[in-house]
**Q** 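Supplied in structure tokens, the structure appears directly below.
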Amino acid sequence: MSDPERDRLSGRLARFAKVGAGLSGAAVSYGANRVFAGDDADARNARALKAALGNLKGPLMKAAQMFATVPDLLPPEFAKELAELQTNAPAMGWPFVRRRMAAELGADWASKFQSFEHEAAAAASLGQVHRAIAPDGRELAVKLQYPDMQSAVESDLGQLRALVGLFKRMDGSIDPTQMIEEVGDRLREELDYDREARMMAVYGGFFASRDDIRTPQPVRELSTKRLLSMTWLEGQGLMAFKTAPQETRDRIAALLFEAWWGPMTHIGVIHGDPHLGNYTFGGEGAAHLNLLDFGCIRVFPPRFVGGVVRLYRALSEDDRPGQVEAYRSWGFSNLTDELVDVLNVWARFIYGPLLDDRVRTVADDVPPGEYGRREAFKVRQALKSVGGIVIPREFVFMDRAAIGLGAAFLHLGARHNWRALFEASLEGFSEEALAQRQAAVLGAAGLSPPP
């Protein structure tokens, strides 16, 4: 049976035109706001950009979400509007919902639920979520993929590659070719809701013994490759706790740290998309963390995870050969002394809180808007002087997870001995043991290990 939503040329061309029209509309609004100015010009420009990206959905919207992750990286007006894309993206209407549900579960789909809410509870870049009640009375979150997302992903990736070519000619310090390939592969995985259900089960098994880190349960009989039904987890977003007592904010940060780095160091998987819409907190005083989305889960070869641990220890002990070997295991090539020096500048920034054996904030009282900018500038200039670098693909989502989590910790103003938290996650670590655990949990979920 043919798939009417497979990646196809007509779909790509339609997407290309829609992207151009959407961004052109934002540009026209921007030009009008510049001409007519006014005190709220920035706010109006930000709203125009949000509207264009939100209505487009797909990879370009996910890029906007990434920009909004880091506090004070953008002007306040833009950060506010783009942050809303993470949890309040424009939803598609009921006609789309009826079509999607009928296509995935049959014309009698409504009879398979006690109830199904017409209005979306949440909408994001690739799909939207509706609340429903299962026949057995369980509350459900039903995630529907937007139409023609395969074509949209391929079209957007093509445009991103063009932007990458321009970036390479203008900058020359970083060759992001492998980064685009990595983003493309992860986005294609994210369109496969059957894979997401299996990853949900992997995380559910990993945290089965903990009541303070919870995952939904997939409902397989009400799910397909473009429709994912799961149990509903009630909670509030992280921003609801920005002014909570310090103890509460510190506990939230510890839960996030353990939810991201525990699976990484034990079974070699990490959630590559830690933006604020992918988790909530429930119970009195944020007693437990709800992990909500498992579309962007990166599975790493054990050698890569070993390199992450090796670099942490090599930086701690000022072990130069260990640093070189760690970068090599990550996929960096042509590792001259000058290049290792440059990589160490960024690595000491990323690992910085883990290298400091004391209680501190992630930024160590550096204003969020300044945090990391000095290091990023130094790295960019130094890379130009050594002829640039190709960023290995496996580095991309680990780096994104670290920066995204750091941004959450900055929002919270959380204080911890981050080194002690990381050391606890490394107890008994070895590549061999990780490889065995990884093979076992992936096999049980019907997933293949990484090459």
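Starting from 1, each residue takes its place in the sequence as its number. Just the heavy atoms: all of them, side chains too, but no hydrogens, waters or symmetry mates, feed the values below.
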**Q** Please work out whether the ring planes of Phe241 and Phe281 are parallel, tilted or perpendicular, with thresholds of 30° and 60°.
**A**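 Because their plane-to-plane angle is over 60°, the rings of Phe241 and Phe281 count as perpendicular.
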**Q** Under 4.0 Å between a side-chain nitrogen and a carboxylate oxygen: does that hold for Arg131 and Glu234?
**A**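 A salt bridge links Arg131 with Glu234.
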**Q** I'd like to know if the side chain of Asp273 and the backbone of Asn278 have a donor-acceptor N/O pair within less than 3.5 Å.
**A**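 Flag not set: sc Asp273 to bb Asn278 has no pair under 3.5 Å.
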**Q** Would you call the rings of Phe332 and Trp330 parallel, tilted or perpendicular, taking 30° and 60° as the class edges?
**A**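 Tilted.
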**Q** Any donor and acceptor pair, going by atom type alone, linking the side chain of Arg249 with main-chain N or O of Ala244 inside 3.5 Å?
**A**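 Pair found, side chain donor or acceptor close to backbone of Ala244.
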**Q** If you measure from the Lys or Arg side-chain nitrogens to the Asp or Glu carboxylate oxygens, is any gap between Arg198 and Asp194 under 4.0 Å?
**A**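 So Arg198 pairs with Asp194 through a salt bridge.
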**Q** Answer whether the closest heavy-atom distance between the side chains of Glu154 and Arg188 falls below 4.5 Å.
**A**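 A side-chain contact exists here, since the closest heavy-atom pair is under 4.5 Å.
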**Q** What heavy-atom pair brings Arg195 and Leu447 nearest, and what distance separates the two atoms?
**A**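 Minimum heavy-atom separation between Arg195 and Leu447: CG-CD2, 4.2 Å.
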**Q** Given side-chain hydrogen bond (donor to acceptor under 3.5 Å, both in side chains), test Asn344 with Tyr327 step by step and report yes or no.
**A** CA-CA 10 Å; Asn344 277 349; Tyr327 292 130; 2.6 Å; yes
**Q** Measure the NE2-OG1 distance between His288 and Thr280 for me, rounded to the nearest 0.5 Å.
**A**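 The distance works out to 7.0 Å.
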**Q** Within the structure provided, determine whether Val308 and Phe300 are in side-chain contact (heavy-atom separation under 4.5 Å).
**A**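 SC-SC contact between Val308 and Phe300 ruled out.
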**Q** Give every donor-acceptor pair under 3.5 Å between a side-chain atom in residues 425-435 and any protein atom, sequence neighbours left out.
**A**
from	atom 1	to	atom 2	distance (Å)
Ser425	OG	Phe422	O	2.7
Ser430	OG	Ala433	N	3.0
Glu431	OE2	Arg310	NH2	3.0

**Q** Return the orientation label for the Phe294 and Tyr203 ring planes: parallel under 30°, perpendicular over 60°, tilted otherwise.
**A**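 Correct class here is tilted.
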**Q** Is there side-chain contact between Glu394 and Arg303, with heavy atoms separated by less than 4.5 Å?
**A**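 Glu394 vs Arg303: side chains touch.
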**Q** So, Arg393 side chain and Gly331 main chain: donor-acceptor pair closer than 3.5 Å or not?
**A**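 Flag not set: sc Arg393 to bb Gly331 has no pair under 3.5 Å.
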**Q** Who are the ring-ring contact (aromatic ring centres under 6.0 Å, His included) partners of Phe397, not counting sequence neighbours?
**A**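 Partners of Phe397 by the ring-ring contact (aromatic ring centres under 6.0 Å, His included) criterion come out as none, since no residue qualifies.
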**Q** So, Arg186 side chain and Cys296 main chain: donor-acceptor pair closer than 3.5 Å or not?
**A**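 Checking the backbone N and O of Cys296 against the side chain of Arg186, no donor-acceptor pair under 3.5 Å is found.
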**Q** Between Trp346 and Phe395 (judged by ring centroids, cut-off 6.0 Å), do the two rings come close enough to count as a pair?
**A**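 No, too far apart.
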